12 protein chains.
Amino acid sequence: MRIAVISGPNLNLLGLREPDIYGSDTLDQIEKRLQGVAAELGVHLDTFQSNGEGGLIDYIQESAQRIDGFLINAGGLTHTSVSLRDALVAVGRPFVEVHLSNPAAREPFRHVSLLTDRALGVVTGFGAESYVLGLRGLVARLNASDLPRGS
Amino acid sequence: MRIAVISGPNLNLLGLREPDIYGSDTLDQIEKRLQGVAAELGVHLDTFQSNGEGGLIDYIQESAQRIDGFLINAGGLTHTSVSLRDALVAVGRPFVEVHLSNPAAREPFRHVSLLTDRALGVVTGFGAESYVLGLRGLVARLNASDLPRGS
Amino acid sequence: MRIAVISGPNLNLLGLREPDIYGSDTLDQIEKRLQGVAAELGVHLDTFQSNGEGGLIDYIQESAQRIDGFLINAGGLTHTSVSLRDALVAVGRPFVEVHLSNPAAREPFRHVSLLTDRALGVVTGFGAESYVLGLRGLVARLNASDLPRGS
Amino acid sequence: MRIAVISGPNLNLLGLREPDIYGSDTLDQIEKRLQGVAAELGVHLDTFQSNGEGGLIDYIQESAQRIDGFLINAGGLTHTSVSLRDALVAVGRPFVEVHLSNPAAREPFRHVSLLTDRALGVVTGFGAESYVLGLRGLVARLNASDLPRGS
Amino acid sequence: MRIAVISGPNLNLLGLREPDIYGSDTLDQIEKRLQGVAAELGVHLDTFQSNGEGGLIDYIQESAQRIDGFLINAGGLTHTSVSLRDALVAVGRPFVEVHLSNPAAREPFRHVSLLTDRALGVVTGFGAESYVLGLRGLVARLNASDLPRGS
Amino acid sequence: MRIAVISGPNLNLLGLREPDIYGSDTLDQIEKRLQGVAAELGVHLDTFQSNGEGGLIDYIQESAQRIDGFLINAGGLTHTSVSLRDALVAVGRPFVEVHLSNPAAREPFRHVSLLTDRALGVVTGFGAESYVLGLRGLVARLNASDLPRGS
Amino acid sequence: MRIAVISGPNLNLLGLREPDIYGSDTLDQIEKRLQGVAAELGVHLDTFQSNGEGGLIDYIQESAQRIDGFLINAGGLTHTSVSLRDALVAVGRPFVEVHLSNPAAREPFRHVSLLTDRALGVVTGFGAESYVLGLRGLVARLNASDLPRGS
Amino acid sequence: MRIAVISGPNLNLLGLREPDIYGSDTLDQIEKRLQGVAAELGVHLDTFQSNGEGGLIDYIQESAQRIDGFLINAGGLTHTSVSLRDALVAVGRPFVEVHLSNPAAREPFRHVSLLTDRALGVVTGFGAESYVLGLRGLVARLNASDLPRGS
Amino acid sequence: MRIAVISGPNLNLLGLREPDIYGSDTLDQIEKRLQGVAAELGVHLDTFQSNGEGGLIDYIQESAQRIDGFLINAGGLTHTSVSLRDALVAVGRPFVEVHLSNPAAREPFRHVSLLTDRALGVVTGFGAESYVLGLRGLVARLNASDLPRGS
Amino acid sequence: MRIAVISGPNLNLLGLREPDIYGSDTLDQIEKRLQGVAAELGVHLDTFQSNGEGGLIDYIQESAQRIDGFLINAGGLTHTSVSLRDALVAVGRPFVEVHLSNPAAREPFRHVSLLTDRALGVVTGFGAESYVLGLRGLVARLNASDLPRGS
Amino acid sequence: MRIAVISGPNLNLLGLREPDIYGSDTLDQIEKRLQGVAAELGVHLDTFQSNGEGGLIDYIQESAQRIDGFLINAGGLTHTSVSLRDALVAVGRPFVEVHLSNPAAREPFRHVSLLTDRALGVVTGFGAESYVLGLRGLVARLNASDLPRGS
Amino acid sequence: MRIAVISGPNLNLLGLREPDIYGSDTLDQIEKRLQGVAAELGVHLDTFQSNGEGGLIDYIQESAQRIDGFLINAGGLTHTSVSLRDALVAVGRPFVEVHLSNPAAREPFRHVSLLTDRALGVVTGFGAESYVLGLRGLVARLNASDLPRGS
């Protein structure tokens with residue numbers, strides 16, 4: 001089983017950016033920790049980060065053939081990108097949406113996600129732990145025999 | 001460390017009710033599985049279910065003295081009960097909100113939660129696994145030294 | 001065939017309360033009249049009234065095993081209770097919604113019902129007669145061979 | 001006592017049109033059945049159908065002198081015709097609104113009726129039975145001594 | 001100079017219908033009074049009433065060639081008919097909108113008119129006098145040399 | 001009979017200000033013309049203009065004792081002043097609202113009037129002629145025996 | 001194959017009415033040109049125009065038996081007629097919606113169509129060419145083997 | 001004269017709960033202070049608190065026979081309970097609504113009260129003093145000869 | 001301690017204006033009664049009334065230096081004046097908002113106050129008694145040691 | 001004459017992605033078919049696809065000098081990109097908007113297009129045929145002598 | 001060239017009022033600094049402040065004859081005064097809108113300005129520097145030969 | 001001190017694009033003029049333009065280390081990009097927002113900016129002069145000792 005972990009705009013600044021909101025772990029540290037959990041769960045992990053909507057869509061399209069599911073934190077694009085949603089739905093792979101902070105406790109324009117209603121599951125508000133829990137949840141669902149693939 | 005797991009209206013029907021949405025596990029089975037995870041994590045677990053808003057608030061008030069955090073699936077009250085929110089905030093204990101299904105993929109009146117903006121974190125859409133991931137996340141946050149208690 | 005007639009908050013005040021809006025029949029008188037109609041139609045009738053959302057949900061859950069359909073006037077909970085709706089849908093029994101008055105002719109917050117889109121049918125505005133017509137309609141639908149049970 | 005049964009646009013297609021929504025009875029069959037119920041109740045029945053708003057208003061105006069109440073299924077005009085509402089209110093006869101399907105379970109533009117707040121009562125969702133129940137309710141109200149005529 | 005006075009649905013009931021709102025003059029009496037004012041002003045008057053949107057549009061189209069302006073009370077179609085508006089704009093004749101009652105003091109759905117923003121002027125709330133004032137205003141504007149015809 | 005003609009903010013600029021919208025008559029010329037019509041109708045006319053909400057309210061209060069009705073063009077305050085509305089209602093004199101232009105054809109914030117639903121009648125869009133028609137309508141209504149004074 | 005071309009209110013004024021918006025072709029000229037395209041495509045063409053909603057619905061109902069699809073420009077009824085939509089859906093024939101102008105560039109009340117979500121396809125903004133393109137698209141879809149008839 | 005003082009969900013936590021918002025007085029201390037004021041005013045006082053909507057409605061119904069008015073702080077139910085409002089209106093006793101904090105300065109969902117438009121008066125924002133002022137106001141109004149009982 | 005009692009537009013008409021809404025006390029009588037209560041409480045009272053927003057702001061600015069708090073009934077400006085709110089906040093003195101009637105039971109535009117969220121407390125619906133209760137509440141809060149001055 | 005055919009995000013997946021919505025033609029096949037139609041019409045065709053908003057804008061800017069019009073399917077950016085709209089308007093070339101599916105029959109966020117009100121025309125819902133019809137319409141309009149270039 | 005600098009309600013409190021929002025400069029100091037900049041730019045400067053809408057409109061009307069443009073900070077009236085906007089538009093002089101703070105970062109009712117869409121330009125958020133920058137911008141635009149006067 | 005001047009999508013077309021809205025200066029000419037003003041103010045200036053959201057975010061992230069503030073015209077992304085806002089906030093440098101035109105006078109979707117509430121200040125509507133004024137304002141604020149860095 002192979003999972004792609006996708007991080008959207010500004011997540012390369014993690015650890016530097018507003019630590020009271022996002023915590024002090026860098027994206028590199030989070031991805032290392034995820035590799036450890038993945039090893040424990042027996043799955044392979046690809047990781048990708050980009051600040052551009054187009055680059056993220058390109059990656060989703062080309063990686064979809066070789067992976068079984070996505071773990072995605074789309075950053076600010078969560079709330080604005082119909083095209084990112086379209087890409088995830090189009091390639092027919094289940095995905096889990098994660099956020100470090102709790103969007104519902106922030107500005108109103110963060111209260112709506114264009115991804116959630118097509119996601120397998122969502123984890124928010126646990127800082128870097130959101131990635132870990134999301135990965136566990138995604139793998140658990142992929143291992144379940146009755147998974148509605150591509151929903 | 002002690003955690004209270006609270007389930008709101010109709011969750012006593014789990015396993016019987018709309019299995020295509022909520023899965024086939026009963027609440028009893030889920031709570032047993034949670035006890036296993038709790039043992040692994042070294043925490044005590046209290047569980048409570050009620051179909052009444054008043055009973056849930058009574059329980060939150062009286063249990064708050066002896067527990068360190070709540071794991072709560074408020075069912076339909078998630079979207080309608082200011083009083084439940086008030087109770088959780090009033091007793092000053094962190095809480096994690098979980099849902100078996102993905103509310104964002106259902107009727108519009110389920111798209112708003114009166115609890116989320118005060119929750120430590122949220123896990124939705126993984127079926128019974130949402131409870132497990134939520135418990136792991138809550139304990140991780142309680143073990144972190146910089147936890148903003150009562151936020 | 002067995003039908004449960006459920007009355008929500010304040011309907012125990014019928015006959016006393018705002019007779020210009022609700023008429024002068026007491027709930028007891030209405031239920032007696034319904035028993036007469038039920039006898040005529042050859043069905044058994046259980047009746048229940050509570051001022052509490054939790055008590056109503058408890059009753060719906062425990063009575064569902066032995067009845068074939070619900071006739072419900074949820075009173076003020078009609079407009080506010082997602083949990084009551086969830087209970088009716090969860091137990092998988094058809095239900096008919098009735099109101100004594102015409103909610104559309106009253107305050108704006110009474111113009112939306114959280115039950116209607118899942119109801120088999122609705123009868124409003126005929127005073128106590130709404131219960132009678134609703135019972136007739138429910139039994140007619142239950143006797144029809146093509147009834148979509150649990151819709 | 002004399003009642004006019006009015007059916008609006010496309011109801012002449014009943015039995016042909018979307019039988020999963022509207023049932024397989026033709027309007028002719030429904031009106032025959034209503035005549036039977038009317039005979040049982042001792043009232044006379046006029047029936048009228050038109051696809052045009054103007055024709056319906058003409059009929060309401062000219063029939064009002066000789067009838068005691070209307071039973072009306074205004075079809076799609078329910079949601080769009082202020083003029084039809086004006087006609088019903090202007091002629092000062094009580095009316096009951098019926099629908100075969102449950103508008104609240106269909107498209108959002110069917111969730112608002114321009115007639116309801118001036119209707120004596122409403123019956124929806126019972127298929128052809130909605131007409132029968134509506135007729136019974138209307139006659140019961142007309143026979144009641146305290147009927148607020150013209151409300 | 002020739003003016004067409006157009007009255008929409010239910011205005012043929014004037015004098016009979018809700019006299020506390022619309023007054024006790026019949027449409028015939030109002031038109032007679034208007035003929036008197038027209039004679040005083042030296043203009044010819046055509047009058048037309050219909051309960052149907054289509055008939056009103058037909059009349060507007062065919063009368064437009066021979067008249068210089070419209071005085072129109074569109075009744076309930078004021079709030080719902082884009083097609084009537086289109087007809088008035090299409091034929092390129094100025095029109096004045098009148099209402100007997102004050103729509104702003106009635107139901108919310110009467111607070112929006114689809115005609116007003118293309119009207120030369122509007123007169124509301126004076127009962128039958130609204131027609132008279134509207135006719136005076138229309139003729140005054142048509143006699144003014146700088147009239148923006150067809151606006 | 002005595003009428004007070006009240007003009008609100010910026011109407012002292014009439015004839016100078018945006019003549020394509022408001023026409024080329026000055027307020028002084030309009031008031032002279034109104035005096036002529038008043039003489040013809042046998043009524044006395046007081047006139048008042050102010051750019052200040054407070055001054056307008058003061059005038060309404062002190063003039064109310066000696067006049068029988070108001071003819072008012074409240075200018076921009078039409079859309080923003082609850083206090084002006086309160087003054088007109090408080091002193092218990094009928095009033096007619098006039099506008100030179102057609103507010104419905106202008107910016108959205110001009111589409112709502114805080115005065116209209118309490119006005120006896122409204123005349124808009126005829127330029128200076130709106131004042132004349134409004135005066136005629138007000139006097140006609142005051143002369144009618146069944147005038148609901150103070151409504 | 002037989003197609004019915006339906007034109008709604010005011011389209012009989014084409015060529016006369018607001019040529020800067022709708023172009024200078026008359027409806028007669030457009031229909032002649034459509035007959036030419038139909039001949040080229042090997043299909044028969046019926047044409048119908050009415051200013052009345054009722055007449056259009058009558059025509060849709062009676063023509064549906066002998067035609068394979070509709071090409072419809074509903075004019076102002078596009079935005080207001082639930083009944084017209086109901087008729088098109090009820091008779092179970094695919095339809096294509098066309099407009100000469102671009103409704104999205106006009107008044108807000110033209111931005112919503114009650115037909116579009118049930119149409120096979122939509123063509124707007126090309127003047128008379130919209131009809132031609134719509135006819136070509138409709139025939140192409142009807143000739144495709146996998147056409148979802150009646151959707 | 002006898003007054004019932006009713007406190008809704010979570011008010012039993014007063015003094016413990018968020019003292020910066022609600023003050024440090026316990027509900028017991030507030031009720032003792034109210035008893036003192038009641039003695040001074042010569043009225044009897046019953047007090048009741050419950051976390052459940054149903055229990056509050058039961059109490060309102062059964063106490064209504066023996067009391068002259070209610071002083072109520074409905075807590076979070078203020079914003080969500082149509083049934084509580086119905087109970088207060090149904091029993092026909094005047095009531096005064098009080099809040100310790102100022103709801104208008106808090107979350108948007110606290111800006112609407114379902115009780116206020118039927119209350120005799122409202123007092124908010126004075127901490128425990130709100131209860132005292134509300135009691136004084138209620139007694140003053142009950143002592144006034146022109147009190148519209150049951151409004 | 002010194003308090004300024006401020007009354008906005010039209011409150012000089014009290015006792016004359018709509019007595020069924022506002023009671024029969026004149027502003028002069030209310031202020032006399034307030035002076036009595038002030039004497040009892042040992043505070044000085046300044047009073048001011050104006051129909052103009054500018055005059056009220058001028059008074060707030062110049063009186064602020066010598067007073068400890070405001071008791072204000074802003075009349076119609078309550079719902080429309082950002083500038084009045086700005087003045088009260090700018091001078092840094094606590095204020096209590098009072099209304100004679102219950103704005104929530106009146107027109108929708110009275111349901112929003114631009115002052116409330118910055119007020120120390122609010123009293124509405126008790127007629128002239130609202131002023132008395134508001135004064136008592138203001139003095140109580142000013143005497144409390146922990147008063148957040150200027151909040 | 002030269003036309004640029006632009007396809008936005010995820011359209012490179014055509015034929016693979018959700019064939020029940022978008023059909024089974026690949027973008028390559030569609031472009032080949034368009035080249036055939038272009039040859040028939042005697043125009044040159046450039047084609048471009050990108051998943052990135054920036055790349056699409058770059059292409060519009062640099063191609064605008066050498067082409068006469070755009071045929072554009074902006075995919076998900078249709079609903080979210082003000083910048084794409086700005087680019088199309090800025091370069092002053094007419095454009096036609098096409099969609100394979102019918103956006104009005106899909107999620108609400110697809111019901112608004114930021115391009116339509118500036119488009120020459122729109123074709124939706126015909127699958128790959130939408131491109132063909134759009135190209136025919138664009139060329140017809142460009143060949144018409146009265147084309148408002150750049151509108 | 002002559003410029004009028006207008007300051008609305010409460011700006012006479014600058015330096016005293018909420019210095020963390022508005023800075024510590026008094027209006028007098030700001031105007032002195034503006035006179036220095038004006039001297040540098042070779043223009044004359046008139047200054048005016050009032051707390052009353054009426055006074056501000058009077059000043060705009062009477063000063064308009066002798067000045068070339070306005071620099072205006074309308075304070076709280078920015079968000080509420082249609083009449084002030086009307087005055088600025090009516091006198092036909094260009095104006096620049098300035099604010100010391102950033103309204104978009106404050107309460108929602110400050111997010112809409114009734115002046116902006118008619119302003120030449122806007123400067124917000126720089127404290128007293130907003131006035132200076134606004135003056136420079138206004139003079140630069142007035143010196144530009146292609147200034148659209150009065151827009 | 002070093003400032004980065006950032007221009008978003010389509011601003012490379014300045015001088016070519018809609019000169020009646022944006023003026024005839026090219027971006028190159030504006031940047032040259034800004035360099036002159038920067039030299040006068042003693043600050044260094046970096047400039048950057050891109051049509052892509054991703055590229056702009058990349059630049060903001062990498063330039064933030066070496067600059068003291070941003071002067072940004074985000075073009076169409078102003079209204080749609082949460083990610084751009086996140087980037088500016090994340091790097092902790094103050095920024096000033098400028099626009100050549102006045103967005104409030106254009107389409108409704110330009111009336112909301114996702115940047116403004118986090119900006120130090122805003123300058124709009126002065127054409128190329130907006131950049132100059134914005135630069136002056138930014139430098140003035142950076143030179144002030146009490147600048148709230150990173151706000």
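Since this is a predicted model, take the numbers as computed values, not measurements. Naming: A, B, ... by sequence-line order, numbering from 1 per chain.
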Task: Proximal component of V96(E), with respect to chain F [non-hydrogen, under 4.5 Å] - done: side chain
Open item on the list: Using a 4.5 angstrom heavy-atom cutoff, name the option from T116(E), V98(E), L138(E), V112(E) with the most pairs to chain F.
Closed with: T116(E)
TODO: Please confirm whether the backbone N or O of E129(E) pairs with a side-chain atom of R141(F), one donor and one acceptor, at under 3.5 Å?
DONE: no
- [ ] Check whether any side-chain heavy atom of V122(F) lies under 4.5 Å from a side-chain heavy atom of V122(E), and answer yes or no.
- [x] no
- [ ] Could you tell me the separation between the CZ atom of R118(F) and the CG atom of N102(E), rounded to the nearest 0.5 Å?
- [x] 11.0 Å
